[in-house]
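Heads up: the structure comes next, in structure tokens.
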There are 2 protein chains.
Amino acid sequence: MDVTILDRLLYIGELFQRDMARAFAGTGFTTARLRVLWTLQHGGPMTQQALAGQLEVTPRNVSGLVDALEASGHVRRAPHPGDRRAVLVELTPAAAKTMTRMQREHAELSAALLDAVAPADRAAVERGVTAIGERLAELVSEAEAAP
Amino acid sequence: MDVTILDRLLYIGELFQRDMARAFAGTGFTTARLRVLWTLQHGGPMTQQALAGQLEVTPRNVSGLVDALEASGHVRRAPHPGDRRAVLVELTPAAAKTMTRMQREHAELSAALLDAVAPADRAAVERGVTAIGERLAELVSEAEAAP
DNA sequence: TATTGTTATACTCTATAACTATA
DNA sequence: TATAGTTATAGAGTATAACAATA
């Protein structure tokens, strides 16, 4: 038992990240900025505090990421109606279109990967990967709870 | 089909990385430095050029990582016999012991995760995850080849 | 002339702490 | 007094380019 199932799972994550980095090299996109856009695509316009919460990152960090994305024309800062301290960060129409396309490509990649699995194994793989994710989440949250 | 298999695979990778970062917070270990130690654990003593190649990172970057790991007592720089330009980077005995323990814990975690899969599904999951990794590697290498 | 590693410089992500404007 | 965001400062990872010593 040299290469474990965990090794294989981590390898998939690494490959994916490497491909993302390569695909966006030179475009000004970075993993951290894409995470912001992805969060806005799924959650809609939100304050920087909300973004910081969802990304599990400090508010200061969000300021920098939003600065960069605003400069590159991917997000806008709009006044928050009802709280003049806060701003609402929202995708620009162009960025929303880009994210929709990325979401479609992501789904297509997922389908292509499942296609590599023997048809008879597919249901088991879906169940198994789900179970592994849930178990890992349990183990991690136990580890975080017990210092 | 809202959460795809790819989403679940990426979630597993994120959880793992988050747990690693948490486990080593405050110890001076970082993901990048652990990768260096892991590479030395598997490949034995090697030059910084070789490390840069295996990590897919610039030689300059390796200099910095090895500096930090040398300062913290995890690696040593030894003269290369036969090439006075190069150095051999090797784990210190203490670090080698730590890495062996980590390798064992890694295997135990892998076993615990496979344990979360229904026994009847296990073989299919191993086959399926392997197939997905191979297909993704193909797709990535095609994407890298065709600019 | 080519290779190994380092110095110099710069950018991104990230964090903490102190501060401003509003609630 | 508490919250939203920013300025200030710092450290880690990463890259490119120029340079020294050695092949």
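No hydrogens, no waters, no symmetry mates; every other heavy atom, side chains included, goes into these values. Every chain is numbered from 1, with letters handed out A, B, ... down the list of sequences.
- Summary of the strand contacts: B/A68 and A/S63 both lie near DNA chain D, and taking for each the nucleotide with the nearest heavy atom, the more 5' one is attributed to A/S63.
- Protein atom CG of A/D83 is 12 Å distant from nucleotide atom C1' of D/dA2, rounded to whole Å.
- Rounded to whole angstrom, the span from the CD atom of B/Q17 across to the C1' atom of C/dT14 amounts to 15 Å.
- Within the nucleic acid shown, A/T31 has no heavy atom closer than 4.0 Å to any nucleic acid atom.
- The nearest whole Å value for the distance from the CD atom in B/Q48 to the C1' atom in D/dA20 is 15 Å.
- Taking atom NE2 of B/H80 as the reference point, atom C1' of D/dA21 lies 16 Å away to the nearest angstrom.
- Between the B/T4 side chain and the A/A107 main chain, no donor and acceptor come within less than 3.5 Å of each other.
- Checked by atom type and distance alone, the side chain of A/R33 never pairs as donor or acceptor with a backbone atom of A/L69 at under 3.5 Å.
- Remark: the A/R84 side chain and the C/dT22 base include no donor-acceptor N/O pair separated by less than 3.5 Å.
- Using a cut-off of 4.0 Å between Lys/Arg side-chain N and Asp/Glu carboxylate O, B/E56 and B/R35 are scored as not salt-bridged.
- Atom CG in A/L88 sits roughly 13 Å away from atom C1' in D/dG5 (whole-Å rounding).
- Comparing C/dA23, C/dT6, C/dT3 by their closest approach to the side chain of A/R85 singles out C/dA23.
- When the P atom of D/dA4 is taken as reference, atom CG of A/L51 falls 13 Å away, rounded to whole Å.
- Among the heavy atoms of the strands lying under 4.0 Å from A/R77 are primed sugar atoms or P, OP1, OP2 only; no base atom is included.
- Between A/T58 and B/Q49, the residue whose closest nucleotide on DNA chain C is further toward the 5' end is B/Q49.
- Residue contacts shown for B/V62 are absent, as no nucleic acid heavy atom lies under 4.0 Å away.
- For B/R60 against C/dT7, a side-chain N or O and a base N or O form a donor-acceptor pair under 3.5 Å.
- Among the protein residues, B/R33 comes within range of the sugar-phosphate backbone only, with heavy atoms under 4.0 Å from sugar or phosphate atoms but none that close to a base.
- Counted within 6.0 Å of CZ on A/R76, heavy atoms from surrounding residues, nucleotides or ligands total 12 or fewer; the atom is thus considered open.
- The side chain of B/A32 has D/dG13 as its nearest neighbour among C/dT6, D/dT16, D/dG13.
- Ionic pairing of B/R104 and B/E108 is present here: one or more N-O contacts between side-chain nitrogen and carboxylate oxygen are shorter than 4.0 angstrom.
- To the nearest angstrom, P of C/dA17 lies 16 Å from CG of A/N61.
- Using a 4.0 Å heavy-atom distance criterion, A/T30 is classed as a sugar-phosphate-only contact.
- Rounded to an integer number of Å, the gap from CG of B/L65 to P of D/dG11 is 17 Å.
- Two residues, A/G82 and B/P59, neighbour DNA chain C, and the one matched to the more 5' nucleotide by heavy-atom proximity is B/P59.
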